[in-house]
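Comments concern the structure below.
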Protein chains: 6
Amino acid sequence: MQQGDIQNRGHEPMAEERVVYLNGELVPNSQAKISIHDYGFLMGDAVFDTTRTFARQIFKLHEHLDRFYRSLKYMRLDPGLSKSEMAELTMQVLETNLPLLQEKSDYWVTQRVTRGERVYDGPGAGELKPTVLIECQPLPFAARAKYYRDGLPVVIPSVRRTPPESMSPRAKVHNYINLVQGELEVKAQNPDAWAILLDVNGNIAEGMGSNFFIVKEGAVVTPRDQYVLGGISRETVLELAAQLQFETKEADIDLFDAYTAEEAFVTSTSFCICPVVSINGSTVGEGHIPGPVTSRLLQAYSELVGLDIREQYLSHL
Amino acid sequence: MQQGDIQNRGHEPMAEERVVYLNGELVPNSQAKISIHDYGFLMGDAVFDTTRTFARQIFKLHEHLDRFYRSLKYMRLDPGLSKSEMAELTMQVLETNLPLLQEKSDYWVTQRVTRGERVYDGPGAGELKPTVLIECQPLPFAARAKYYRDGLPVVIPSVRRTPPESMSPRAKVHNYINLVQGELEVKAQNPDAWAILLDVNGNIAEGMGSNFFIVKEGAVVTPRDQYVLGGISRETVLELAAQLQFETKEADIDLFDAYTAEEAFVTSTSFCICPVVSINGSTVGEGHIPGPVTSRLLQAYSELVGLDIREQYLSHL
Amino acid sequence: MQQGDIQNRGHEPMAEERVVYLNGELVPNSQAKISIHDYGFLMGDAVFDTTRTFARQIFKLHEHLDRFYRSLKYMRLDPGLSKSEMAELTMQVLETNLPLLQEKSDYWVTQRVTRGERVYDGPGAGELKPTVLIECQPLPFAARAKYYRDGLPVVIPSVRRTPPESMSPRAKVHNYINLVQGELEVKAQNPDAWAILLDVNGNIAEGMGSNFFIVKEGAVVTPRDQYVLGGISRETVLELAAQLQFETKEADIDLFDAYTAEEAFVTSTSFCICPVVSINGSTVGEGHIPGPVTSRLLQAYSELVGLDIREQYLSHL
Amino acid sequence: MQQGDIQNRGHEPMAEERVVYLNGELVPNSQAKISIHDYGFLMGDAVFDTTRTFARQIFKLHEHLDRFYRSLKYMRLDPGLSKSEMAELTMQVLETNLPLLQEKSDYWVTQRVTRGERVYDGPGAGELKPTVLIECQPLPFAARAKYYRDGLPVVIPSVRRTPPESMSPRAKVHNYINLVQGELEVKAQNPDAWAILLDVNGNIAEGMGSNFFIVKEGAVVTPRDQYVLGGISRETVLELAAQLQFETKEADIDLFDAYTAEEAFVTSTSFCICPVVSINGSTVGEGHIPGPVTSRLLQAYSELVGLDIREQYLSHL
Amino acid sequence: MQQGDIQNRGHEPMAEERVVYLNGELVPNSQAKISIHDYGFLMGDAVFDTTRTFARQIFKLHEHLDRFYRSLKYMRLDPGLSKSEMAELTMQVLETNLPLLQEKSDYWVTQRVTRGERVYDGPGAGELKPTVLIECQPLPFAARAKYYRDGLPVVIPSVRRTPPESMSPRAKVHNYINLVQGELEVKAQNPDAWAILLDVNGNIAEGMGSNFFIVKEGAVVTPRDQYVLGGISRETVLELAAQLQFETKEADIDLFDAYTAEEAFVTSTSFCICPVVSINGSTVGEGHIPGPVTSRLLQAYSELVGLDIREQYLSHL
Amino acid sequence: MQQGDIQNRGHEPMAEERVVYLNGELVPNSQAKISIHDYGFLMGDAVFDTTRTFARQIFKLHEHLDRFYRSLKYMRLDPGLSKSEMAELTMQVLETNLPLLQEKSDYWVTQRVTRGERVYDGPGAGELKPTVLIECQPLPFAARAKYYRDGLPVVIPSVRRTPPESMSPRAKVHNYINLVQGELEVKAQNPDAWAILLDVNGNIAEGMGSNFFIVKEGAVVTPRDQYVLGGISRETVLELAAQLQFETKEADIDLFDAYTAEEAFVTSTSFCICPVVSINGSTVGEGHIPGPVTSRLLQAYSELVGLDIREQYLSHL
């Protein structure tokens with residue numbers, strides 16, 4: 001059997017349960033498991049990428065897959081599937097799961113590839129066959145809706161983003177402890193806080209799955225892409241900002257820039273654009289949520305994806 | 001049910017199969033799996049520790065568990081089991097598996113705790129219950145025996161060990177991509193090479209699961225423990241060296257020290273003490289495998305654990 | 001007139017007002033002012049040192065003055081007073097102010113020297129005559145008493161302690177903005193939090209006027225003195241710990257050490273020894289306030305200074 | 001009383017004395033003093049900005065106030081005065097002082113805001129009311145005139161500019177010891193030398209109140225603005241250079257760039273543009289003072305401000 | 001005698017021997033020697049530059065001499081020859097040596113200037129007279145031809161390129177031990193490997209006498225010129241790429257960029273453009289030698305210099 | 001012919017001329033030359049070591065040769081001579097040259113090994129035969145005598161000592177441009193100044209061929225040996241200090257330590273111990289030359305070597 005074919009080994013997905021593609025099969029979400037000897041578990045030696053749907057339509061799948069295959073190349077992992085096979089399987093998994101999606105909701109759609117199972121002894125020892133899975137997950141609108149109303153309170157922990165000379169932040173891999181430590185720090189002080197880490201040079205890098213932007217003298221500015229995973233949402237915002245005639249810059253942003261910014265926002269696949277109300281407790285600009293530039297970008301993003309992003313979140317309050 | 005009790009949910013382990021403790025149950029090794037939504041898989045957000053047996057006797061279990069619980073504290077993970085409960089369960093798992101151990105072989109014995117399963121929606125959303133597992137794994141004597149005969153060819157990759165300000169190397173966690181990248185670099189040049197990484201200051205840190213030592217002007221020297229996971233084997237060697245009246249030092253070791261060392265060796269739970277023949281292709285000392293100091297330490301280690309470590313390896317050639 | 005003589009230019013201190021030595025005169029506290037052209041104001045180009053009284057007796061005045069004159073040497077400032085003249089003046093200022101001290105209270109006693117007044121034009125242009133002042137200030141027992149009951153919640157900001165290659169933390173000077181920024185960060189999240197900064201290498205350095213200690217495997221450990229102002233209280237604790245047969249170490253302390261420490265405490269001239277309850281929200285050890293080692297050190301410190309330090313604080317609750 | 005109103009508490013300024021705005025009052029320069037308990041003195045916890053007059057006309061007051069309010073925001077200081085109130089008060093202070101200005105002279109015009117007076121005990125304890133002052137100061141033409149004739153001999157000390165992760169060089173605050181140490185180093189070797197510091201990366205940053213430029217392959221180049229306080233004069237030069245069709249760049253400048261530059265100059269509020277004759281004793285270009293590009297910029301600057309800048313300086317020789 | 005004149009002190013060059021200009025004389029290559037007391041030998045305190053011929057025509061001599069004189073300025077060395085005198089002498093040396101050049105071959109043409117001979121005692125003590133030499137050397141086509149056929153296997157050693165704050169990589173000087181150490185590391189693993197070093201920030205810098213390029217999303221990208229010696233070939237490629245309408249960038253390139261690049265190549269005076277087949281064993285792009293962009297640049301370079309560069313190399317296989 | 005044999009190819013050393021061992025021959029000093037194609041010249045790819053005589057007796061030759069062979073090992077250079085052969089040849093060269101030594105003078109005795117001559121084409125291409133030389137050089141007593149009378153004025157340049165991750169300062173090699181740049185900086189301000197460089201961490205490292213010491217609270221302190229070439233004189237001083245019951249430490253020394261030291265001195269093969277009068281113009285301690293601890297060490301050193309070191313220098317004034 002090839003990786004590209006989906007087999008159905010007799011699992012009967014529960015009526016109400018999503019399915020997951022796992023090494024050639026569709027299995028019910030609750031039964032989607034991997035061996036405890038899989039390197040993806042043992043070492044986080046796995047690569048993934050995630051897009052989302054807007055009103056059930058998948059967003060920039062090919063841009064995400066391009067990034068996914070760059071992460072795979074960096075990790076010297078061959079999934080045994082071409083990019084177009086991966087795209088096709090992804091669409092099949094999504095379509096199978098769409099009927100289960102609730103109204104006003106949308107999916108994260110995720111591909112993952114691990115280095116496979118560690119076998120020290122017996123047959124197959126030392127051989128590695130990658131584990132491939134594709135899944136859908138409803139977006140957590142309810143939990144995050146308040147941020148669209150109140151703005152994100154960004155707090156910067158003392159932990160610094162892993163430097164590229166150790167592990168590139170640009171590869172989307174299953175090693176998140178650096179970011180987890182950052183979150184543990186800031187959420188212990190304020191459970192609503194959103195952790196954004198500095199890089200080892202003291203410039204703002206990124207948060208978990210999220211990029212950071214400021215508006216400064218009217219320009220839309222975000223950290224350079226060496227110390228961050230350049231999100232597709234980040235790319236989208238840079239494009240929309242350019243279309244709206246804002247100056248855009250990838251530049252070093254330090255605490256002085258952040259504290260004196262006119263506006264700030266966070267981008268991520270789920271958030272798209274979420275306004276930031278304060279940084280380390282210092283109100284951003286005049287504290288408007290969202291600020292005028294953020295508001296125009298959010299509107300343009302909504303137009304691009306065909307639904308009012310902010311309304312979708314606020315409807316879950 | 002408490003974490004400390006073992007349930008048997010009716011699995012019938014195969015005659016020839018080891019068992020794994022998994023969240024209160026003993027399950028056959030081949031059926032020991034975790035959810036693809038477990039943070040231990042998604043983020044490598046998991047902690048582990050590993051000791052081994054020597055002639056079927058477990059080695060320094062309590063020292064390993066002390067280190068294990070320090071890693072858990074660092075990660076703010078509560079396994080729901082006291083250290084003594086963890087020790088007792090470990091011994092049960094080991095004893096169950098000992099009959100399956102082949103002659104001249106020994107086990108790695110490993111505990112792992114993850115942050116539990118991510119549930120965004122439905123009942124249990126946001127609640128986290130740690131996943132706990134304990135397993136045994138035969139040591140890979142055959143694959144590594146040649147290193148006891150020929151010495152390890154150490155090669156230093158360009159990738160630098162993740163700095164403590166990003167993630168402490170002293171916590172034994174499931175985030176190994178930094179070390180995996182180091183291995184990919186050096187094994188592409190020489191599949192037998194053993195990667196030892198520099199820290200961000202340019203001093204020698206550690207390899208995957210392995211500490212580095214040199215003998216310099218008769219003293220036994222190893223990197224300071226801030227940039228490395230201070231192994232129990234490393235501790236054991238420092239103690240044995242002191243007993244043998246060698247001077248011992250934890251110090252910065254850079255390439256100059258390494259190239260001009262009289263001897264060098266690597267320690268790890270599996271290796272105990274494995275001599276190094278060359279560093280970046282530069283022969284260590286006169287190239288004797290093992291050198292005189294290494295030889296005396298290996299003998300003392302063998303006496304401590306009650307078997308001839310080198311012979312055990314060489315018997316698998 | 002020499003710097004060493006005190007003149008009384010006819011000020012009549014208010015019955016209830018302390019006096020300040022200012023360039024040869026005793027002036028009432030409320031009238032002790034310096035020119036807005038003084039470099040001590042314009043540039044923070046000034047040096048100071050502070051000891052305190054215990055039950056009205058001054059503590060280690062000479063050790064403080066030794067440190068004061070090292071700071072002056074570093075800044076190439078000559079106060080025009082010998083160390084013994086400075087000591088004598090200090091005692092005169094203290095004795096004049098002691099009658100105003102309330103029961104159960106004590107004084108900070110502080111010397112300050114600035115580079116003098118900037119004069120660009122007219123007579124005296126370019127000449128610099130240092131400004132010298134000595135003052136007493138009641139200690140803020142009421143405001144800090146709760147920390148002796150509840151422990152200090154230490155939080156580590158993202159701002160890093162100024163590195164010695166820019167300005168030595170070991171000189172006690174009027175440039176505190178680095179530490180002020182650290183406090184602004186953490187107090188915005190929790191007004192009771194005590195900011196302790198990391199140095200540029202990611203090791204714990206110090207807080208405003210305060211040193212940090214952990215107890216680790218029974219040893220009393222504090223950061224090395226290159227990145228911190230080595231307090232006299234810090235020295236005192238190291239001496240007392242040695243007398244009590246605790247191992248003492250000056251060593252790099254990173255977040256892993258801090259999170260896995262058995263106990264932690266802060267020292268300062270005012271605090272002496274104040275227990276730490278948590279670091280970045282992670283409870284220190286079992287959370288006992290104070291822990292057993294801290295408790296013994298506090299008792300020894302109390303015996304040294306002749307009053308129960310903790311009781312003095314708690315009596316102001 | 002509001003901060004914005006000026007009260008006259010009966011001081012009679014001496015006929016020949018300038019006045020200072022201090023917390024709502026105009027006081028004679030010699031009586032303008034602040035409490036020794038003011039945080040602006042104790043910690044250098046104060047913000048300022050300075051412009052100057054050209055032929056008695058104030059220069060770019062609003063640009064300076066924009067920068068001033070950015071510094072205040074960074075320091076989380078609220079002066080209690082709007083930007084336009086601050087501008088109006090500034091003009092009043094200047095106008096009051098203009099009659100005292102000597103022929104061929106001009107004023108520095110400076111606003112300062114401190115965090116206010118520290119009160120530990122009694123009424124007002126813990127409350128902070130910012131100290132606000134505005135002053136005029138004649139420019140030191142005589143002392144610096146020789147630099148326009150001979151060029152500035154720039155020397156680079158070993159001390160490195162404080163990094164932004166510790167304290168942003170972009171906030172104009174009363175913490176100058178880092179720069180003072182730099183000056184002490186170089187003036188001990190050559191009292192005429194002008195200290196320009198490297199940043200922690202080894203690139204040229206800035207000197208006390210002064211920015212550095214080189215001309216390289218015809219382009220006008222200055223350090224990027226993260227490690228320096230981007231002066232208004234620096235901005236002005238970049239604008240004038242662009243108008244004159246020179247390429248302009250903000251870039252890393254290291255010692256190689258400096259030693260091989262065709263020309264170099266320093267900008268500051270007082271200097272505007274002052275040619276550099278040598279860097280660490282290595283003659284800049286062919287040693288012409290000023291070089292051709294510098295000369296054209298100086299001429300354009302003179303035209304902009306309506307007086308011959310170089311002539312004004314040279315007239316004081 | 002002036003440096004600019006060539007004297008013939010009676011050496012009779014062998015029929016088959018090239019000549020070298022050495023301090024005013026033409027001497028046979030085998031007799032061109034310098035004192036063991038010359039600082040160029042004792043300290044590597046010497047500057048050089050090298051161009052080559054293409055079909056016996058010298059290439060960009062003036063650009064090379066401009067760079068040569070910048071290196072001399074950085075080192076504060078005065079060769080006693082103007083740039084045009086140096087050019088003229090160079091052409092004389094080349095012309096004298098051209099008859100000895102074999103078919104299909106070409107020359108490196110090199111100027112060197114040392115700080116002169118150290119004399120501690122006797123006449124001339126402490127005086128320094130620079131040593132000047134100019135030489136021709138046939139290019140090693142045979143040894144390097146295979147790289148044009150198979151591509152260069154680039155390997156990145158652990159040694160980092162000397163930082164500019166220690167010694168500028170932009171000055172072409174006789175201090176190569178940093179690069180030699182890099183080569184020793186990688187050639188011990190693979191004698192054919194080409195060492196390219198990272199800078200101290202973890203970005204790709206350069207190899208011995210060679211610059212590095214990648215093609216990324218169609219753009220031609222090379223490291224910024226602060227950490228590398230900006231080769232004339234590098235400049236030429238950037239110009240040709242721009243003429244061919246490729247986007248060109250000088251940017252930070254880290255391992256992620258390198259591993260995910262579409263193509264990579266190395267430039268040097270001898271190589272011009274040599275394709276890279278792998279980086280740390282990870283195949284570049286699809287592994288085509290040369291890739292499409294590299295191929296077009298190589299063709300354009302060949303047109304510029306008037307011979308088929310790749311063919312010239314391959315003809316020596 | 002072996003490297004260990006000395007051939008006499010018929011050179012007739014001038015009556016008054018020293019001889020040099022060069023690749024198996026004794027040649028007159030003025031005729032000791034190496035090819036311009038020798039890697040020792042082209043790249044500074046050469047290793048050396050230097051001891052001196054005291055009253056014509058060689059000092060610690062074997063310690064120097066041990067260090068020499070460590071440098072050779074680091075550089076992967078095999079001189080083709082055993083350590084004892086090298087010692088024997090050294091003594092022969094010294095003895096041959098001793099008759100030429102003037103009264104009250106002494107020799108530097110130096111061995112050098114290069115990687116040999118680069119041959120690209122013709123016979124021997126690619127083969128490398130090391131160049132070996134041994135020489136004697138009278139010490140420059142006259143030039144340095146004033147430093148024993150007045151003390152060394154140490155100045156710290158902005159250039160930082162090359163970090164070990166680029167090239168180990170512990171290997172004594174022919175790459176001195178980093179230190180040459182440091183000297184150029186400080187001697188341009190003060191031709192008598194002695195440059196001592198900081199390492200990349202901002203701690204004091206070393207000067208050209210010279211180590212740095214301070215006396216601090218009575219202890220004799222010198223930088224740790226990772227960033228410096230640990231001189232034999234440095235070792236000797238540490239041993240003598242221990243014999244004299246001074247506490248000795250290898251520790252980080254920054255500018256604060258240096259400015260507040262009680263005494264400071266420099267050690268080198270030629271100087272032995274030379275007192276420092278000032279650091280960056282700040283007088284060391286009270287400015288006594290030599291200070292009391294320095295004086296005792298100098299006396300002990302003199303006793304060890306059998307002549308009054310200071311007197312020998314002062315006799316050349």
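Every value quoted in this text rests on a predicted model; they were computed, and no experiment measured them.
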| query | Mind checking what makes ring-ring contact (aromatic ring centres under 6.0 Å, His included) contact with C:Tyr74, not counting sequence neighbours? | reply | F:Phe256
| request: Take D:Lys33 and C:Ile34, measure what side chain to side chain contact (heavy atoms under 4.5 Å, CB included) needs, and give me the verdict at the end. | output: CA-CA 5 Å; D:Lys33 298 189 172 191; C:Ile34 60 159; over 6 Å; no
| field | Heavy-atom pair with the smallest gap, counting every atom of D:Ile177 and C:Asn175 | value | N-OD1, 3.0 Å
| Taking all atoms of both residues into account, what is the closest heavy-atom pair of D:Arg115 and C:Leu184, and its distance? | NH2-CD1, 4.0 Å
| task | Hey, could you give me each pair passing side-chain hydrogen bond (donor to acceptor under 3.5 Å, both in side chains) that has a residue in residues 180-191 of chain C? Not counting sequence neighbours. | result | C:Ser158-C:Glu185
| Portion of C:Ile36 that has a non-hydrogen atom of chain D nearer than 4.5 angstrom | both
| remark: Of D:Asn178, D:Leu197, D:Leu139, D:Leu42, the largest count of non-hydrogen pairs under 4.5 angstrom with chain C goes to D:Leu42
| said: Between C:Leu179, C:Val159, C:Thr114, C:Val20, who has the most heavy-atom pairs with chain D when the cutoff is under 4.5 Å? | reply: C:Val159
| Going by residue number, which parts of residues 164-172 of chain D are within reach of chain C, meaning a heavy-atom gap below 4.5 Å? | D:Glu165, D:Ser166, D:Met167
| task | Output the distance between atom CD (C:Glu117) and atom OG (D:Ser30), rounded to the nearest 0.5 Å. | result | 9.0 Å
| request: Go through the atoms of C:Met208 and report whether side chain, backbone, both or neither lie under 4.5 Å from a heavy atom of chain D. | output: side chain
| All ring-ring contact (aromatic ring centres under 6.0 Å, His included) counterparts of C:His174, not counting sequence neighbours | C:Phe48, D:Phe41
| Of the listed residues (D:His37, D:Glu135, D:Arg161, D:Arg112), which shares the most heavy-atom pairs with chain C below a 4.5 Å separation? | D:His37
| message | Below 4.5 Å, heavy-atom pairs only: which of C:Thr162, C:Val200, C:Leu133, C:Val173 has the largest tally toward chain D? | response | C:Thr162
